[in-house]
Amino acid sequence: MIRSQLTGIGAYLPRTLVSNDEMAKRVDTSDEWIRERTGIRQRYFAAPDESCAFMATEAARAALADAGVDAAKVDAILLATATPDQAFPATAVRVQAALGCGGFGFDLSAACSGFIYALSMADAMIRAGQVRTVLVIGAEVYSRIMNWEDRGTCVLFGDGAGAVLLQAGEGDGSHADRGILASRLHSQGALADILYVDGAVGQPDKPGHLVMNGREVFRHAVGKLAETVQQTLEASGLTAADIDWLVPHQANMRIIDAVGRKLGLGADKVVVTVDQHANTSAASIPLALHAAYRDGRIKRGQLVLMEALGGGLTWGSALVRLG
Ligand code: ACO
């Protein structure tokens, strides 16, 4: 059977690093409050020339280089973002032009779960035989939708981009295969109003800032994430004990710890970058994957479980044996 093998990983972080102490000069907060509630120590903010398309392109170039694949081979670009440069064209086609590849590209909107959604869509297209080589990118510039009057949210987010290359390969259908073994997606629109952006093309009178009821998001996060992870494991015939690494969406340490505990995974199996990057929404999983891959913790052949939850609410998980 055809498997979507993950053969390259790349990332881009903006040049400007902003510590919690620097945030405290701008809003009424402290390093201690931010660290204790979230685990965040710093984040990166994009400069005007570091657009969503620019960061996505840099991450994609790095993923192609890691896989040793030429951009001309790419059939499709799926870019998950809630902060595109323009309503249209899709940021993905800007990336396509910058890389000089053919095929097609489109953006996908599922907030912090966007990377899992894009990975799952790309996997379906590859297994259907529609495409063979796909760039899956998560890229965000949340600094441009933050409400600096709301200290409860503006301290939580950062900017950046991460990308993976998926290539069609052969497998025997067992969980020893390399590639995406299973994924599960969910949304619950009835919960849309606990985490949203209040302005867009259809609401030109609103500022376009992120609005969140943090306690409500937290209340839903742990149970829903643990459940989707179990579904993905069951679909692959595996258990949490088989996982080499959990690469969770990096929203805050308390959610990450609680999901890890529910799955019975030790902290030594969980990749954490929220302290370094803060919450970069759709970019957070590929950024975390890249960090642990680059420093040698995550190796090819290992089993990696990814999970995310975000505005929508949307949530989902994917299990991948790295190629
Ligand atoms: N600095 C200092 N004090 C602050 C700050 C800040 N940055 N923000 C809020 N406070 C104060 C509030 O004013 C309040 O003070 P009061 O008691 O005097 O009124 C107090 O801290 C508690 O405020 P809450 O908003 O109730 O803070 P809470 O304890 O809920 O923590 C947090 C907020 C960290 C966001 C928490 O709700 C949480 O972890 N939520 C999970 C959701 C999440 O992480 N979302 C990220 C995006 S969604 C996602 O990616 C899954």
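Atoms within a ligand are numbered from 1 in the order they appear, just like the ligands themselves.
Donor-acceptor pairing under 3.5 Å is lacking for the side chains of T38 and N252. Looking only at atom types and distance, the side chain of Y44 has no donor-acceptor partner in the side chain of Q276 under 3.5 Å away.
Proximity of atom 37 (O) of ligand 1 to the protein is indicated by at least one non-hydrogen atom lying closer than 4.0 angstrom. Protein heavy atoms come within 4.0 Å of atom 50 (O) of ligand 1. Atom 32 (C) of ligand 1 is not flagged as protein-proximal [any protein heavy atom, distance under 4.0 Å]. For atom 14 (C) of ligand 1, no protein heavy-atom neighbour is found at a distance under 4.0 Å. Within the 4.0 Å cut-off (strictly below), no protein heavy atom is located near atom 18 (O) of ligand 1. Protein heavy atoms come within 4.0 Å of atom 44 (O) of ligand 1.
Scanning the protein for heavy atoms near atom 48 (S) of ligand 1, the closest one is L195 CD2, 3.4 Å. Counting protein heavy atoms only, atom 39 (O) of ligand 1 is closest to N252 ND2, 2.7 Å. Looking only at protein heavy atoms, the nearest one to atom 30 (O) of ligand 1 is R215 NE, 3.1 Å. Scanning all protein heavy atoms for the shortest distance to atom 46 (C) of ligand 1 gives N279 ND2, 3.5 Å. Among protein heavy atoms, the minimum distance from atom 1 (N) of ligand 1 is reached at T29 OG1, 2.7 Å. If you check which protein heavy atom lies closest to atom 2 (C) of ligand 1, you get W33 CG, 3.4 Å.
No cation-pi contact links K269 to W245, judged by a cut-off of 6.0 Å to the six-membered ring centre and 45° from its axis.
A donor-acceptor contact shorter than 3.5 Å links the side chain of D159 to the backbone of A46. Put simply, the side chain of S187 never gets that close to the backbone of T314: no donor and acceptor are under 3.5 Å apart.
Here the shortest heavy-atom distance to atom 12 (C) of ligand 1, taken over R254, H249, E216, R151, belongs to R151.
Shown here is R3, whose CZ atom has more than 12 heavy atoms of other residues, nucleotides or ligands within 6.0 Å.
At under 3.5 Å, a nitrogen or oxygen of G214, whether backbone or side chain, sits near a nitrogen or oxygen of ligand 1. Below 3.5 Å of separation, one finds no N or O of S30 facing any N or O of ligand 1.
Here V217 has side-chain heavy atoms under 4.0 Å from ligand 1, and that is the only part of it that gets that close. At a heavy-atom cutoff of 4.0 Å, ligand 1 is contacted by no atom of I34, backbone or side chain.
Set against the non-hydrogen atoms of A251, the atoms of ligand 1 under 4.0 Å away are 49 (C), 50 (O), 51 (C). The contact set between ligand 1 and V155, taken as ligand atoms under 4.0 Å from a residue heavy atom, comprises 7 (N). The atoms of ligand 1 that sit less than 4.0 Å from any heavy atom of G152 are 8 (N). Residue R37 has at least one heavy-atom neighbour below 4.0 Å for each of these atoms of ligand 1: 22 (C), 27 (O), 28 (P), 29 (O), 31 (O), 34 (C). In summary, the atoms of ligand 1 found under 4.0 Å from a heavy atom of F157, numbered by their order in the structure, are 47 (C).
Shown here are the salt bridge (Lys or Arg N to Asp or Glu O under 4.0 Å) partners of E216, two or more places apart in sequence or in another chain: R219. Among residues two or more places apart in sequence or in another chain, the salt bridge (Lys or Arg N to Asp or Glu O under 4.0 Å) test is passed with D49 by R15.
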query: Should M55 and V141 be marked as a side chain to side chain contact (heavy atoms under 4.5 Å, CB included) after you check the CA-CA gap, both sets of side-chain angles, and the distance that decides it?
result: CA-CA 9 Å; M55 296 196 296; V141 204; 4.0 Å; yes
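Remark: I126 CD1 to Q130 CD distance equals 10.0 Å, nearest 0.5 Å. Here the CZ atom belonging to R300 is positioned 8.5 Å from the CG atom belonging to L6, to the nearest 0.5 angstrom.
Below 30°, between 30° and 60°, or above 60°: for W315 and H186 the angle between ring planes is below 30°, a parallel geometry.
Residue F157 forms a ring-ring contact (aromatic ring centres under 6.0 Å, His included) with just one option from F45, Y142, W148, and that option is Y142.
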